[in-house]
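One structure below.
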2 protein chains.
Amino acid sequence: MFMEEKCERVDTQQIETLLQAIPEADSISKMAAVFQALQSETRLKILFLLRQKEMCVCELEQALEVTQSAVSHSLRTLRQLDLVRVRREGKFTVYYIADEHVRMLIEMGLEHVEEKA
Amino acid sequence: MFMEEKCERVDTQQIETLLQAIPEADSISKMAAVFQALQSETRLKILFLLRQKEMCVCELEQALEVTQSAVSHSLRTLRQLDLVRVRREGKFTVYYIADEHVRMLIEMGLEHVEEKA
DNA sequence: TTAATATATGAACAACTGTTCATATGTTCA
DNA sequence: TGAACATATGAACAGTTGTTCATATATTAA
């Protein structure tokens with residue numbers, strides 16, 4: 001079996017081994033979706049707000065100065081990835097951070113960027 | 001000073017306080033950039049590979065099955081955000097994970113998605 | 001020098017994202 | 001009931017991203 005020529009550092013056998021040790025395609029794909037959700041400033045702000053206190057949509061709307069529709073769309077994205085969860089409370093829909101994991105994630109991200117300042 | 005009408009749960013004063021407690025705009029913006037970088041499957045795979053062993057561009061190219069150009073562009077993004085760092089080694093450019101923080105970040109992301117499986 | 005190898009960069013294009021607008025659904029209270 | 005409030009959803013559009021192709025730069029060895 002012929003192997004394409006690569007630079008002399010490449011050890012095809014070793015690369016194979018390294019590839020087997022990375023998470024499976026499905027996990028990578030889901031992770032990409034999670035980080036994709038965290039890449040929006042609006043959604044980050046939502047998480048930093050919810051980190052302090054669970055809130056309904058209209059509270060978030062007021063805090064963020066975007067339309068109710070935009071907040072709702074953002075919340076759906078976060079909800080679908082289980083980054084936030086939801087609870088009905090009469091006519092209000094109350095959102096809150098899903099778990100400690102999510103808190104850690106945004107904490108790590110924040111520390112990374114503040115570290116360099 | 002007139003306040004727009006909002007739903008009865010909104011406490012304008014409290015919202016103001018919550019807003020002051022979220023990271024400043026510049027940090028949010030930088031965080032968004034970091035998560036934006038982590039949202040690409042190619043870049044995630046690069047990080048999961050580098051987590052095991054520092055590698056030069058052509059090793060990554062072989063492992064990932066995308067063009068050398070694509071790898072290089074991805075590495076630049078990661079480099080600019082200080083997620084990976086670089087070292088010259090003769091004619092090779094060796095990339096490696098910037099610090100333990102970055103390892104934690106991808107670890108958290110992975111745990112979050114695997115937790116639900 | 002020059003040729004070969006390794007990496008970086010710019011342009012261009014298809015694919016995707018976030019927002020708004022318009023509208024639908026769900027809930028409460030009169 | 002129905003009117004008012006709270007939230008969700010679909011369509012559409014501008015802006016952004018990731019890839020490839022073509023080419024430039026950097027390093028080594030001859």
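Note that the structure is predicted; figures quoted are calculated from it, not measured.
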Query - Whole-Å distance separating the CD atom of B/E61 from the P atom of D/dC21 - result: 12 Å

Requested in this report: Kindly point out which of C/dT9, D/dC5, C/dC21 is positioned nearest to the side chain of B/R76?
Outcome: C/dT9

Report summary line: Comparing B/E89 with A/S72, nearest DNA chain D nucleotide closer to 5' gives the residue A/S72

**Report entry** Atom pair distance, as rounded to whole Å: CD in B/E41 and C1' in D/dT19
**Finding:** 14 Å

Query raised in the report: Taking the side chain of A/R88 as heavy atoms from C-beta outward, which of D/dT20, C/dT27, D/dG18 is closest to it?
Result: C/dT27

Query raised in the report: Could one point to a donor on the side chain of A/S69 or the base of D/dT7 with an acceptor on the other under 3.5 Å away?
Result: no

Query - Nearest-angstrom distance from the residue atom CZ of A/R43 to C1' of C/dG18 - result: 8 Å

Query raised in the report: Between B/F92 and B/C58, which heavy-atom pair has the shortest distance, and what is it?
Result: CE2-SG, 4.3 Å

Report summary line: Quick note, A/C58 side chain, CB onward, closest among C/dA8, D/dT7, D/dT19 is D/dT7

Query raised in the report: Which heavy-atom pair separates B/V113 from A/S27 by the least distance, and what is that distance?
Result: CG2-O, 3.9 Å

Report summary line: Per atom distances to the A/K91 side chain, the nearest of C/dT27, D/dA8, D/dT20 is C/dT27

Query raised in the report: Picking from D/dT7, D/dG18, C/dT7, which would you name as closest to the side chain of B/Q36?
Result: D/dG18

Report task. Measure from CG on B/L75 to C1' on C/dA8 and round the result to the nearest Å. Result -> 11 Å

Requested in this report: Would you mind telling me which of C/dA6, D/dT20, D/dG18 lies closest to the side-chain atoms of B/F92?
Outcome: C/dA6

Requested in this report: May I ask you to evaluate whether A/Y95 reaches the phosphate of D/dA6, defined as a side-chain N or O under 4.0 Å from OP1 or OP2?
Outcome: no

Query - Closest to side chain of B/T42, choosing from D/dA8, D/dT19, C/dA6 - result: D/dT19

Report summary line: Here the pair of heavy atoms bringing A/E54 nearest to B/R9 is O-NH2, 4.2 Å

Report summary line: Residues B/L44 and A/I28: closest non-hydrogen pair is CD1-O, 3.7 Å

Report summary line: By nearest-nucleotide position on DNA chain C, the 5'-leaning member of A/R9 and A/T67 is A/R9

Report task. Using atom CG of B/L78 as one end and atom P of C/dA8 as the other, report the distance to the nearest whole Å. Result -> 12 Å

Query raised in the report: Please give, in whole Å, the distance from C/dT19 P to A/H73 NE2?
Result: 10 Å

**Report entry** A/E65 CD to C/dT19 P, straight-line distance once rounded to whole Å
**Finding:** 13 Å

Requested in this report: Specify the separation, in whole Å, of atom CE of B/M55 and atom C1' of C/dT7.
Outcome: 15 Å

Query raised in the report: Hey, is the side chain of B/Q68 pairing donor to acceptor with the base of C/dA8 inside 3.5 Å?
Result: yes

Query raised in the report: Any Lys/Arg nitrogen of A/K91 or B/E8 sitting under 4.0 Å from an Asp/Glu carboxylate oxygen of the other?
Result: yes

Query raised in the report: C/dT27 phosphate, OP1 or OP2: any side-chain N/O from A/T93 under 4.0 angstrom?
Result: no

